[in-house]
Structure formats: C-alpha cells, structure tokens
Amino acid sequence: MPDMASSYHYRVVDVFTERPLQGNPLAVFPHAIGLDEATMQNIARELNLSETVFVFPAVRSGCAARVRIFTPAREMDFAGHPTIGASFVLLDEGIVPKQSEHFVLEENVGPVPIRVEHGGRPMIWLTTPPIREGPTLDRVLCAGALGLAPDDLLPAAPQRLSAGNPTVFIAVRDKAVVDRAWLDMSGVRQIKGTNPEPVCVFVFAATQGGAYSRMFAPEHGVVEDPATGSSTGPLAAYMIRHNLVSGHAATRFVSEQGTKMGRRSLLHVHIRGERGADGIEVGGFVTPLVRAVMELELDAVGSSL
C-alpha cells in the first residue's frame, strides 16, 4: 500500500495554571481516529512533553469520550493533568457541550467523572479513582535515595499508594528539603527494590496552605513532573492519615508543585465526605497556548479503537 499523508490538529495547553508557560504542558489530539498505538507512542516521544493525549469516541456507555495518555516512554492507565487538560480542550472545541457541568471520560483505569465550575475561566475537577494501599518503606533508605539525611524526613513512614499510578510518598521537614531532593534511576531502584512495577516518587512538605511538592518518574521517561494530578488524590489520603491536613468534609487545600523547575503549578484538592469517604477531587485551571497541525506520512492508517 502506498504511503498516505494525514493531518492531525492538536492543541498544547498549560495545566494547573492561569499563566502561560507555567504549569504542566500537555498536547491534546482531539480527533485521533486513524492513529495506531505505535504511532501515538512515537508522537509522544517526538513532542517530549510529560504526557500527550489522544481522543477517540467513547466505547463505554455514558462516557463523553475515550482518552489515551502517553508519556515519552509508555502508555498510562490514568494521569491527572492530561485528564484536566483534555477536558478543557473537549469543552473548548465543543466536542463536549461548552456549558456542561458534569461529564465522564473513559480511560484505561475506567470511567473518570469530571466536574466543571464555570466562571471567567473554568475550574475543572476530576474525581480520583479508588486508591489502593501499598507497603510502607524504610525512611533511611528513602532519604539516602533522595540524597537527604534521615532527619530531613518527617517521622511518617514513606508509603506506596496508587490511584492508577503507583507512587511512593515521602514527607520531609520543609520546602528547602523538598528543593534539595533529587532522584535518578539508581535511587528509584533503591526505593522500589525487587518490585517490577514502575513507580513515581513524590516528595513533599506540609505548608499552611496544603503542600509544597515535587515528583520524579524516570521510569516513565519523566525526570521531574511539574504537576501530577494522579498522585495528588493519594497525597491527600496520605496527609489525612498522618494528620498533616484536616480530613473534615469539604476541606480544601492546594499542592504547589513544579516551582523548583520553573513551572509553578497549583493543584486544588477538595475532600468530599469525612476523610474523603465520598471521594477526593483534584482540580485546576488550564491556559491554552498552541494550536497546530501535525503532518504524518503513514504506511497504513489503522484504527486505535
């Protein structure tokens, strides 16, 4: 079959910020029919953002669209800033009616409910998928892997939690310690031991407004992530458990992430029900930045559905 030229419109938006060139950048292909899995992975690698989203018609009943999320290295079952950013693009492009207050996205992890607070700029909220408990880890080992001293960490034991992406949460004394932390593949191997599942490592300090955070995910092809919505719901659960934030119903706080790397992001958290019994929402603003077209020469155009 001869090569076929195909054009794909895409958007780049900055997520969890009201300022362009801050927050976490995301590419969204709102009409991705015709792209196969290998091509989507190659596009994500080419754009080299922490994630790229490809939108397809929903397969599951009751969902507005199906989204597939790729880092430069692999496909993700769920990720927060791609979910928020894709929701903004779907609304902005009219794929989801612009005044919608509620809709559901189909992701590999399952259906993800979206809530929209309309205003001068919409605040978009996702409901965190069910959080799975993992083991606690040794504080001294985790401190060493991050280039920190054991007394830089709080007494709370580091723990692996997952709402789709397994994440190790490590609480430290203050913002300065967060900024001194660093993690490479050698440190990841120390932290995860023999567990074969890729992990994210989330380092944070409790603040008056919530948390000051950084997240490292070299196994996902992301050295450091400016904003990690998929880890922020589990962060809230961890902080509530260790009395680092209130677990009362309707509590709100903000996790500031990405500041050290020059991409300040503000991830808003809403605790629904006592200690999150009715769910944990993660939300933020989205700033549109780029409209572009990608021209591809494909040997064959297949369906990713």
Side-chain angles (χ1 to χ4, degrees), residues 5-37 39-41 43-44 46-71 75-76 78-109 111-127 227 229-230 265 281-296 298 301 303-305:
S6 298
S7 298
Y8 289 90
H9 162 66
Y10 70 97
R11 305 278 300 271
V12 176
V13 296
D14 289 332
V15 184
F16 294 119
T17 183
E18 295 183 81
R19 298 181 59 191
L21 308 179
Q22 294 290 305
N24 200 348
L26 174 77
V28 181
F29 287 74
H31 302 284
I33 292 176
L35 293 174
D36 61 25
E37 186 171 313
T39 302
M40 288 188 282
Q41 184 64 75
I43 290 171
E46 175 75 16
L47 296 177
N48 202 33
L49 301 174
S50 55
E51 280 107 352
T52 299
V53 170
F54 302 89
V55 180
F56 298 91
V59 175
R60 185 188 294 262
S61 175
C63 293
R66 181 187 181 201
V67 299
R68 296 183 65 177
I69 303 166
F70 288 79
T71 75
E75 184 172 9
M76 307 291 284
F78 168 68
H81 105 273
T83 300
I84 299 292
S87 296
F88 174 89
V89 171
L90 289 170
L91 290 163
D92 197 53
E93 299 265 332
I95 297 170
V96 171
K98 293 192 175 186
Q99 294 307 309
S100 298
E101 295 182 352
H102 298 273
F103 57 95
V104 178
L105 294 183
E106 178 185 353
E107 303 192 17
N108 287 349
V109 74
V112 179
I114 303 298
R115 180 171 65 86
V116 185
E117 292 180 3
H118 289 283
R121 184 191 295 258
M123 168 81 86
I124 300 174
W125 297 86
L126 64 83
T127 298
S230 64
S265 305
E281 290 186 323
V282 176
F285 295 106
V286 179
T287 299
L289 192 68
V290 174
R291 296 176 184 265
V293 175
M294 182 173 288
E295 303 283 351
L296 297 174
L298 302 177
V301 179
S303 172
S304 296
L305 297 177

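No hydrogens, no waters, no symmetry mates; every other heavy atom, side chains included, goes into these values. Throughout, numbering of the chain's residues begins at 1 and tracks the sequence. Computed from a prediction, not measured in an experiment: that's the story for all the values here.
Here the closest heavy-atom approach between residue G283 and residue I84 is recorded as CA-CD1, 4.5 Å. Of all the heavy atoms in V96 and A64, the pair that sits closest is CG2-CB, 3.8 Å. The two atoms that bring H118 and S100 nearest to each other are NE2-O, 2.7 Å, heavy atoms only. Nearest heavy atom pair, residue R11 against residue P288, reads NH2-CB, 3.8 Å. Across all their heavy atoms, G62 and V104 have their closest contact at O-CB, 3.9 Å. What you find for V89 and P30 is that their closest heavy atoms are CG1-CB, 4.3 Å.
You'll find the side chain of L49 stays beyond 4.5 Å of the side chain of L26, heavy atoms only. Looking at heavy atoms from C-beta onward, T52 lies out of side-chain contact with E46 at the 4.5 angstrom threshold. Between F285 and M123, the closest side-chain pair of non-hydrogen atoms falls below 4.5 Å. Contact annotation: the side chain of P113 never approaches that of H102 to less than 4.5 Å [non-hydrogen atoms, C-beta and beyond]. Residues F56 and I33 form a side-chain contact, since some pair of their non-hydrogen atoms from C-beta on lies under 4.5 Å apart. A heavy-atom distance below 4.5 Å is found between the side chains of M294 and L47. Using a 4.5 Å heavy-atom threshold, the side chains of I43 and F54 count as touching.
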- Task: Check the pair T83 / V67 against side chain to side chain contact (heavy atoms under 4.5 Å, CB included), numbers first and verdict last.
- Result: CA-CA 8 Å; T83 300; V67 299; 5.5 Å; no
- Message: Test side chain to side chain contact (heavy atoms under 4.5 Å, CB included) on F103 and L91; report intermediate values, then the result.
- Response: CA-CA 10 Å; F103 57 95; L91 290 163; 4.1 Å; yes
- Would you check, one step at a time, whether the test side chain to side chain contact (heavy atoms under 4.5 Å, CB included) holds for L289 with L21? CA-CA 8 Å; L289 192 68; L21 308 179; 3.8 Å; yes
- Message: The test is side chain to side chain contact (heavy atoms under 4.5 Å, CB included); show your working for R68 and E37 and say whether it passes.
- Response: CA-CA 9 Å; R68 296 183 65 177; E37 186 171 313; 2.9 Å; yes
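The distance from atom CZ of R115 to atom CG of L126, rounded to the nearest 0.5 Å, is 10.5 Å. Within the model, atoms CD of E281 and CD1 of I114 stand 9.5 Å from one another, a figure rounded to the nearest 0.5 Å. Distance CD/Q22 to OG1/T287: 9.5 Å, rounded to 0.5 Å. Taking OH of Y8 as the start and CE of M40 as the end, the distance is 10.0 Å to the nearest 0.5 Å. Expressed to the nearest 0.5 Å, how far CZ of R291 lies from NE2 of H9 amounts to 6.0 Å.
Side chain of S265 to backbone of F16: no donor-acceptor contact under 3.5 angstrom is found. Remark: the backbone N or O of R60 is paired with a side-chain donor or acceptor of E106 at under 3.5 angstrom. The main-chain N or O of D14 is never found under 3.5 Å from a side-chain atom of H81 such that the two would form a donor-acceptor pair.
Side chains of T71 and E51: a donor-acceptor N/O pair is absent below 3.5 angstrom, by distance only. Side-chain contact, E93 with H31: no donor N or O sits under 3.5 Å from an acceptor N or O.
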